[in-house]
Amino acid sequence: MKKIPATLVTLLLLLSPAAVFSQETAQDLTVRVITPDGIPKQGLTVSAEREGFRETAVTNTTGYAVFRQLQPGTYDVVVSMRNLELKRIKVEFPATQQIVVEAPLGRVEVEILDRAGRKVDGIFVTLTSTSKIISTTQRTNSTGYAVFTDMPFSDVASVGGPYRVDVSQESVQVASGEVYLNTSSKTLTLRSALVNVNFTVLNLEGQAVPVSATLVLTAGNYSKTLELTEGKASVKRLAASDAVGKFNTSLSLKLGRVPVTVYSSLLSLETDGEVYVRAEVGELVVKILDPDNKPVKGVRVLVGTRVAGNFTGGLTGEDGTFKPGYLPLSSKTGNYTIYVFRGRTPIHKESVTFSKAVFTANLTLTLQKVNFRITDYGGQVLSNAELQVVDPLSGRVVNATVREGVVEANVFPGINEVKIFYRGVEVYRRTVEISGPNNDIRLTNVNFPVKVSVYDSLSRPIAGLGIKIYVEGLEKVSTKTGDKPIPITLELPANLVIDLYQEDTLLVRERAMVDGPKSIEIRLPGHISLGNNLISIENFASAILAAILVGFVAALLIRVRGKRQR
């Protein structure tokens with residue numbers, strides 16, 4: 001065994017009392033942190049500090065922080081939160097081994113009401129310390145409260161005094177105040193400069209008008225745009241004028257795609273209320289009348305202005321009216337131009353000054369004098385016919401009698417239905433576009449030609465047959481067929497009956513309805529024509545066969561006779 005040197009033994013003997021003393025004097029310091037209402041506070045930083053020494057710990061769920069094996073001495077016990085010193089206490093250790101520190105933390109509740117005392121939810125509330133070290137923002141909850149927890153007391157040196165409370169909506173400050181926090185809980189109630197306003201549009205006579213319009217409220221950088229339906233709109237939580245200044249207010253209606261301003265004013269809105277906007281608007285009614293002062297239905301109306309062009313249109317109703325609705329007065333747009341169309345044909349144009357709350361523009365249409373020249377199929381003028389012009393839109397009917405081929409009628413230009421009656425029969429019906437003063441109508445079914453031809457089975461004309469033609473039961477023609485067609489002239493469309501006779505025998509009866517020039521061909525497929533004789537194909541074939549047989553017999557007899565003579 002090796003021996004321990006004497007000097008090492010001596011050194012150990014000298015050091016061992018100090019080691020024993022150190023182990024005997026080192027102890028723990030326990031710090032318990034609570035809130036002013038006695039609740040343990042978790043998560044705060046606690047430091048034990050003296051010159052050249054600093055040790056930290058974080059409070060646990062029961063509020064404790066423990067410093068182990070501290071050397072005796074005077075310590076500063078510092079409680080802090082997020083690097084913000086809350087409290088500092090001097091401790092003589094180990095004389096004091098356990099201490100309780102009350103952290104100066106409290107709760108600030110800010111209640112926000114609007115000007116009428118209604119709770120305001122969802123608005124931003126900012127709490128700022130005097131020192132500006134602390135600044136935090138919350139939004140109010142559904143009950144109108146913004147709750148700030150774990151806020152250092154106002155007398156904490158780093159806080160520097162009372163907290164400032166600022167309330168803002170859309171970057172506009174609508175309330176402010178101060179709260180001095182020195183207890184576990186403080187509540188501050190603020191009335192904000194927020195108001196609810198209802199808007200109604202009136203005409204210049206003070207009557208509500210159900211317009212669709214846009215209302216714009218502007219005060220500095222603060223602006224609200226409201227879409228009015230049926231002349232009404234509401235805005236809630238509007239920043240009052242004492243917070244943002246007076247509002248430049250404008251109301252505009254759209255003509256087509258062009259907005260027209262019908263109201264502008266400077267409004268001071270500081271309390272809840274009803275605001276009535278007197279706008280330069282009115283109801284325009286367009287009424288179309290004929291020269292007899294009767295309403296004209298079914299015509300198309302187009303309305304326009306210089307600033308917006310043609311922006312609306314429609315058809316007149318049974319009462320002859322078309323209502324474009326509520327429009328800006330002419331003082332805002334200039335005069336209105338009203339166009340009237342029948343189909344695509346423009347028939348009237350008029351400029352009106354619209355300056356009343358209700359304005360009816362009575363437009364009397366001018367009839368156009370139109371001459372109709374009526375001729376028959378051959379171009380001969382027709383007399384004693386009746387002309388009727390029917391307006392398919394309004395139902396207006398004009399009747400006139402044709403004299404010496406000409407008739408005059410006062411009608412609306414455009415699409416009309418024209419009818420002509422001759423000898424009580426409708427011979428013409430057309431829907432025509434009437435645009436000029438003179439119109440020619442040729443009746444191809446009046447005094448028109450009809451030709452009747454008769455052919456055999458070889459498509460050759462048959463002559464010599466008796467023919468009778470009946471028109472509507474009356475005999476019109478009684479003659480013989482020839483090489484050329486038999487012409488007749490019909491005054492009106494009619495039913496024809498054509499009878500063909502050979503001697504007194506009826507061969508064919510043909511029926512036809514003709515309502516215009518026509519060629520009627522009657523064919524006898526079982527017959528052929530020889531001279532003026534009509535022979536059936538069967539008899540003709542028999543005759544041919546008989547002739548061939550006679551010739552054969554004659555030839556045979558001649559041959560027999562010749563043999564005998566030899």
Side-chain angles (χ1 to χ4, degrees), residues 256 284-304 309-325 336-352 360-377 379 381-382 385-403 405-422 424-446 493 515-516:
L284 177 62
V285 179
V286 180
K287 188 165 188 177
I288 308 300
L289 304 170
D290 67 12
D292 298 326
N293 212 35
K294 294 180 180 178
V296 180
K297 70 174 182 179
V299 294
R300 182 167 174 255
V301 177
L302 188 62
V303 182
N310 298 328
F311 61 88
T312 188
L315 299 177
T316 56
E318 292 290 337
D319 59 353
T321 64
F322 167 68
K323 296 180 179 180
Y336 285 83
T337 302
I338 302 173
Y339 304 88
V340 182
F341 292 79
R342 293 190 71 257
R344 296 183 179 181
T345 305
I347 61 174
H348 193 86
K349 173 184 176 183
E350 192 164 326
S351 179
V352 298
T360 300
N362 290 309
L363 278 61
T364 301
L365 301 182
T366 301
L367 296 173
Q368 182 174 342
K369 185 179 292 186
V370 179
N371 293 318
F372 294 90
R373 183 173 179 270
I374 314 299
T375 58
D376 64 11
Y377 175 84
V381 296
L382 201 64
E386 295 294 327
L387 174 79
Q388 185 179 88
V389 182
V390 180
D391 183 345
L393 298 178
S394 67
R396 184 177 183 273
V397 179
V398 175
N399 291 301
T401 301
V402 180
R403 303 294 184 192
V406 177
V407 63
E408 182 182 279
N410 292 322
V411 300
F412 290 129
I415 298 295
N416 285 274
E417 185 179 52
V418 178
K419 300 178 184 178
I420 299 177
F421 299 86
Y422 183 63
V425 177
E426 183 180 298
V427 293
Y428 183 88
R429 181 196 289 246
R430 297 282 189 280
T431 298
V432 297
E433 180 90 11
I434 297 177
S435 57
N438 297 307
N439 294 269
D440 290 334
I441 298 177
R442 182 188 175 200
L443 303 177
T444 57
N445 57 356
V446 174
D515 56 2

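These figures come from a predicted structure and were not determined experimentally.
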Supply the atom-to-atom distance Ile288 CD1 to Phe412 CZ, rounded to the nearest 0.5 angstrom. 9.5 Å
Specify the closest pair of heavy atoms between Thr364 and His348, including all atoms of both residues, with the distance to one decimal. O-CE1, 3.5 Å
Val381: side chain to side chain contact (heavy atoms under 4.5 Å, CB included) partners, not counting sequence neighbours: Arg373, Thr375
Measure the spacing between OG1 of Thr431 and NZ of Lys419 and express it to the nearest 0.5 Å. 9.5 Å
For Leu284 versus Pro324, what's the shortest heavy-atom pair and its separation? O-CD, 3.1 Å
With heavy-atom distances below 4.5 Å as the criterion, would you say the side chains of Val340 and Phe322 are in contact? no
Quick one: list whatever passes side chain to side chain donor-acceptor pair (under 3.5 Å) with Asn310, sequence neighbours left out. none
Applying side chain to side chain contact (heavy atoms under 4.5 Å, CB included) to Pro392 and not counting sequence neighbours gives Arg342, Ile415
Over all atoms of both residues, closest heavy-atom pair of Glu408 and Ala400: O-CB, 3.8 Å
Tell me every residue that passes side chain to side chain donor-acceptor pair (under 3.5 Å) with Asn399, counting only those two or more places apart in sequence or in another chain. Gln388
Using side chain to side chain contact (heavy atoms under 4.5 Å, CB included) as the criterion, list what pairs up with Arg344, not counting sequence neighbours. none
Just distance, no hydrogens or angles: give the donor-acceptor pairs under 3.5 Å from side chains in residues 291-303, sequence neighbours left out.
{"from": "Lys297", "atom 1": "NZ", "to": "Glu318", "atom 2": "OE2", "distance (Å)": "3.4"}

Is any side-chain heavy atom of Leu443 less than 4.5 Å from a side-chain heavy atom of Tyr422? no
Sequence neighbours excluded, which residues qualify as side chain to side chain contact (heavy atoms under 4.5 Å, CB included) partners of Thr360? Val285, Lys287, Asn362
Taking only residues two or more places apart in sequence or in another chain, which ones pass ring-ring contact (aromatic ring centres under 6.0 Å, His included) with Tyr336? Phe354
Write down the atom of Thr316, the atom of Gly320, and the distance for their closest heavy-atom approach. CG2-O, 3.5 Å
Under the rule for side chain to side chain donor-acceptor pair (under 3.5 Å), what residues qualify as partners of Asp290, not counting sequence neighbours? none
Got a sec: does the NZ of Lys323 have more than 12 other heavy atoms crowding it under 6.0 Å? no
Mind checking what makes salt bridge (Lys or Arg N to Asp or Glu O under 4.0 Å) contact with Arg429, not counting sequence neighbours? Glu417, Glu426
Mind checking whether Leu387 and Ile420 have side chains closer than 4.5 Å, heavy atoms only? yes
CG-CD1 distance between Asn439 and Ile434, expressed to the nearest 0.5 angstrom: 6.0 Å
Mark yes or no for whether Asn416, through its side chain, and Val389, through its backbone, hold a donor-acceptor pair below 3.5 Å. no
Show the nearest heavy-atom pair for residues Val402 and Val406, with the distance to one decimal. CG1-N, 3.7 Å
Please name all residues satisfying side chain to side chain donor-acceptor pair (under 3.5 Å) with Thr401, sequence neighbours left out, ordered by chain then number. Glu386
Which atom pair, heavy atoms only, marks the closest approach of Tyr377 to Arg442? O-NH2, 2.6 Å
Out of curiosity, Ile338 CD1 to Lys349 NZ, how far, rounded to the nearest 0.5 Å? 12.0 Å
